[in-house]
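One structure below.
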Number of protein chains: 2
Amino acid sequence: MANIREIARLAGVSVSTVSRVLNHHPYVSPDKREAVLKTIRELDYSPNINAVHLSRGKTNMVGIVLPTINHPYFSELLEGIAEEAMKHNIQLVLFQTGYHQEKEFEALEQLRGHLIDGVIFASRAIPFDSLLKYKSAGPMVLCEDSDQDDFPSISIKHVAAFNLGLEYLISKGHKRIAICLGRLEGTNSQKRQKAYEEKMKMIGQKVQEEWILGKCLMIQDGKSVVNRFLQMKEKPTAFLVGNDQVAAGIFTESVKQGLAVPEDVAILSFDNHPISEIMGITTIEIPTKQLGSYAFNSFIKRSSDSTYAEKIALPFTLIQRQSV
Amino acid sequence: MANIREIARLAGVSVSTVSRVLNHHPYVSPDKREAVLKTIRELDYSPNINAVHLSRGKTNMVGIVLPTINHPYFSELLEGIAEEAMKHNIQLVLFQTGYHQEKEFEALEQLRGHLIDGVIFASRAIPFDSLLKYKSAGPMVLCEDSDQDDFPSISIKHVAAFNLGLEYLISKGHKRIAICLGRLEGTNSQKRQKAYEEKMKMIGQKVQEEWILGKCLMIQDGKSVVNRFLQMKEKPTAFLVGNDQVAAGIFTESVKQGLAVPEDVAILSFDNHPISEIMGITTIEIPTKQLGSYAFNSFIKRSSDSTYAEKIALPFTLIQRQSV
DNA sequence: ATAATTTATGGAACGCGTTTCAGGTCAAGA
DNA sequence: TCTTGACCTGAAACGCGTTCCATAAATTAT
C-alpha cells in the first residue's frame, strides 16, 4: 500500500507537507492541500498507525486489567471506563487475567514497551512492590481501597460499607449474621472478614466458622449458600452478601426451598445492580459505573501530572427494600 | 530509554545479533547471547513494541466491535473470544459502539491503518456494502446469521430458534402469544417478527399490535412489559422473550403483581444464562461463550486463508423448566 | 580431500510518519 | 525604507526493531 512518500511524490510536494495536511496543521497553501487530499483520495491512502505511534512515542491506548469481563461488577466498571475513554478518543486494550499474576505483568510489560500509554487496574493480584517497579513506565490507576501515595486510586471504603451493612442488620435485630465473600484470600475479603469478626465480638456474638462463606461470585453460587445454610446446626438469621448476583441467587433458592425472606433469613447485599431492584433486595449501592469513569479521569490527570496520586472514595448508600 | 543499537554497542555485537537474541533465533553463540542478555538486564531494556509492529507489519491485536459490554450476552461472548485470544497470544482492542455506525467505521479504519490485524463484529450496524469495501484490509468475522459468502460468520439460526419457541408454546396450548424483542429495527428482530406473524397466521390467531414489544434488552425492561401487559385489553397467555434477563424481569414483576407463572402468563426466553436456571425459566439455550470462541477461531483461519468464509451455525436447545 | 552445508555475525536497507531546522516570501508595523 | 513576524515549504534526521544479503568459519557429506 501507498505511503506518505509516494503521496508526496505524486502530489508534487514534500513529505512534510503531506504530514501537515494529515495533521491539519495550518501553514499549508490551499492548492497544495487540495493536491495532497486529491492524491490521498485517489490512492485510497491511510496512514500506518504503527508508524504514527512509533514516531509520536504514544499510542492513545490504555490497558485495562481485570479478572473477568463476564461479571456485572466488572462489565459495568468497564463500561464506565469505556464511555469516558471514548470522549477522550482513547482506545482500550483488554487484559483479562483470571486473577493470574503473569497476565498483569504482561500488561505492565506492554506499558514498558510503549504499546499502551498507561494501565488501569480494575483489580490487582500482583504485589504492590512489583507495581512500584513500573512506576516510571507510565501512568497507572488503581481501583482499590488502598493506603498508598504512589498512584491515584478510586474505590469506595469497603470496610466502612461492610460495617454499615452489619450495623443495619444489627439494628433490625439480627445478631446471628453470616457473610458471603468472593475470594477469601483477596485483600478486600480479608479486611471485610476482620471487620465482621470485630463487630460480632462487639455485640457479644460468637462467630461460627461456617458462617463465613467464600467463593461467592455469581448468581449460581447462591444455590450452594442456601444448601449450606440448610445443613448448618447453628443457623444465622441474616446474610450479608458481597454482591447482588449472589444475593439474588440466595433469594431465589431460599424461596424455592420454602424459606421466607426476610422472616426465615434476611438478605443484605452490595452493588444495587438492576437485579436487586427488580427482586426487592435491600442493598448497599456502589456506584460501579462512576468508579469506572472516575478511574479513567484520574488516568487522564495522572498522564499530564506524574505526581498526581489522589485517592478518591466514592460514597455508598443503603437502599432499603424488602429482603431485610 | 535504551534501544537496540545501544544494547548492541555496549554488548559489542551488531543489532542483528541483539535482534536474534530477542527473538530466540538459533545461530547466536552462547557467549554473545549471554553478553547481550547481560546488557539487556543491566539497562533494564525492553523493546519498543510499536517499532516491532511497524517492521513486522502486524500487531497481534484484533478489534472487537460490540454495542455494549455491560450485557450478559455480550460479556459472555466477549469472554469466549478473550479466552481463545489468550491461547493465541493475541490482544483485544475494544470498540464499544453503542450501535453507532461511526464507531464501527473507526474500527475498520484502524484495520486499514494496521493498528489491528483484524476485526470481529459481535454486532453490526453498518451496511454490508461498507464492509465489503474493507474486505482487503484484513480478516473480518461476523457474529450474525447472514447469507453472504464474503466473510466467515458464526451464529445460531435465529429464525429457527424463534420458531422452535413458538411451536413449543403452541404445543403447550398457547395461541395468544406476545413477543419481546430488542431493537425492533435490527435485522434479527425483523426476521423474528416475520417468523412470528407467519406462525400466528398459520394457527389462525389474529396478531394484536400491542403483543409485539420492543426495547426489551435488560432485566429492568421486564417491569414495563408487565405493566403494559396489565393494560392490554386482549391479554396474551404467553410471552416469547428475546433474552433471559428480560424474562427474569417479567417473571419477578409478574409474581410481585400477583400473577402466577405459568398459569396466568407463561414465559419462554433465550440464552440459558445462569439467571434463568436459578429462576426456573424455560429457555432456549444459546451457546454464547462458544459463539465467541468459534468466532475467534474463524478469525484465525481467515487470517491464514483469505478465502475462508465458512458459515457456522451452532445448535440451540430447548431447556424445559417451570415457566411454561 | 573436496564439495556442500550448517552455523555465526555484521552491514545496510526497510517499514513509515513526525518533527526540527533552515531558507524563503510577503505583508504589516516602525 | 527597514524591521519584524507570520506564513509556507522541503531536506534530513529521528523513533526503533526486523530482515535480507554477504561473508566467513566450522561441520558434514561424498
Side-chain angles (χ1 to χ4, degrees), chain A residues 1-40 43-61 109-117 137-138, chain B residues 1-40 43-61 109-117 137-138:
Chain A
M1 222 226 286
N3 61 33
I4 200 173
R5 284 166 227 275
E6 178 148 9
I7 302 292
R9 192 172 54 78
L10 293 174
V13 300
S14 71
V15 290
S16 335
T17 301
V18 179
S19 177
R20 288 191 191 99
V21 172
L22 251 19
N23 293 288
H24 308 289
H25 275 299
Y27 297 180
V28 179
S29 65
D31 49 332
K32 299 221 171 188
R33 161 166 282 122
E34 196 39 60
V36 170
L37 289 175
K38 182 158 164 282
T39 314
I40 287 178
L43 295 205
D44 195 26
Y45 163 80
S46 82
N48 184 312
I49 303 178
N50 293 129
V52 177
H53 287 346
L54 174 60
S55 54
R56 279 216 238 271
K58 60 176 291 200
T59 61
N60 288 319
M61 300 202 284
E109 282 302 320
Q110 308 272 31
L111 176 61
R112 254 163 59 89
H114 299 278
L115 177 69
I116 46 183
D117 293 339
Chain B
M1 222 228 284
N3 60 33
I4 200 174
R5 282 167 229 277
E6 179 148 7
I7 301 292
R9 192 171 55 77
L10 293 174
V13 300
S14 72
V15 290
S16 333
T17 300
V18 178
S19 178
R20 288 191 192 98
V21 172
L22 252 18
N23 293 288
H24 309 289
H25 275 298
Y27 298 178
V28 179
S29 65
D31 50 333
K32 299 222 171 184
R33 161 164 283 122
E34 196 39 61
V36 170
L37 289 174
K38 182 159 165 280
T39 313
I40 287 178
L43 295 207
D44 195 27
Y45 163 80
S46 84
N48 183 313
I49 303 177
N50 293 128
V52 177
H53 287 347
L54 175 60
S55 54
R56 279 217 238 269
K58 60 175 294 198
T59 61
N60 288 319
M61 301 202 284
E109 282 302 322
Q110 309 272 32
L111 176 61
R112 254 162 59 88
H114 300 277
L115 177 69
I116 47 183
D117 293 339

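These numbers come from the heavy atoms of this one structure, side chains and all, not from hydrogens, waters or symmetry mates. Below, read A as the first sequence line, B as the second, and so on, with proteins coming before strands; counting in each chain starts at 1.
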Problem set entry | Which atom of A35(A) lies closest to which atom of A11(A), heavy atoms considered | O-CB, 4.0 Å
Figure out the [atom1]/[atom2] separation between [X] and [N], and round it to whole Å.
{"X": "N48(A)", "N": "dG17(C)", "atom1": "CG", "atom2": "P", "answer": "6 Å"}
{"X": "H53(B)", "N": "dG17(C)", "atom1": "NE2", "atom2": "C1'", "answer": "16 Å"}
{"X": "L115(A)", "N": "dG17(D)", "atom1": "CG", "atom2": "P", "answer": "14 Å"}
{"X": "R5(A)", "N": "dA11(D)", "atom1": "CZ", "atom2": "C1'", "answer": "11 Å"}
{"X": "N3(B)", "N": "dT18(D)", "atom1": "CG", "atom2": "P", "answer": "12 Å"}
{"X": "I4(A)", "N": "dT19(C)", "atom1": "CD1", "atom2": "P", "answer": "11 Å"}
{"X": "H25(B)", "N": "dT19(D)", "atom1": "NE2", "atom2": "P", "answer": "6 Å"}
{"X": "R56(B)", "N": "dG15(D)", "atom1": "CZ", "atom2": "C1'", "answer": "17 Å"}

Exercise. Under 4.0 Å between a side-chain N or O of N23(B) and OP1 or OP2 of dG17(D)?
Worked result: no
For this session: Output yes when at least one side-chain N/O atom of Y45(A) is less than 4.0 Å from OP1 or OP2 of dC16(C), else no.
Result: no
Exercise. Residues two or more places apart in sequence or in another chain: which of them pass side-chain contact (heavy atoms from CB on, under 4.5 Å) with S55(B)?
Worked result: none
Problem set entry | Partners passing side-chain contact (heavy atoms from CB on, under 4.5 Å) against I40(A) (at least two apart in sequence or in another chain) | I7(A), L22(A), V36(A), Y45(A)
For this session: Could you work out which one of dT18(D), dC16(C), dC16(D) sits closest to the side chain of S19(B)?
Result: dT18(D)
Problem set entry | Summary of protein contacts for nucleotides 4-10 of chain C, nucleotide by nucleotide, where a base hit scores B, a sugar-phosphate-only hit scores S (4.0 Å, heavy atoms) | --SBSBB
For this session: Compare all side-chain heavy atoms of H114(A) with those of I49(B) and state whether any distance is below 4.5 angstrom.
Result: no
Exercise. Going through the checks in order, is the side chain to side chain contact (heavy atoms under 4.5 Å, CB included) test met by V21(A) and K32(A)?
Worked result: CA-CA 9 Å; V21(A) 172; K32(A) 299 221 171 188; over 6 Å; no
Problem set entry | Worked check of side-chain hydrogen bond (donor to acceptor under 3.5 Å, both in side chains) between S16(B) and S19(B) | CA-CA 5 Å; S16(B) 333; S19(B) 178; over 6 Å; no
For this session: Starting from the C-alpha separation in whole Å, work towards a yes-or-no answer on side chain to side chain contact (heavy atoms under 4.5 Å, CB included) for Q110(A) and M61(A).
Result: CA-CA 11 Å; Q110(A) 308 272 31; M61(A) 300 202 284; over 6 Å; no
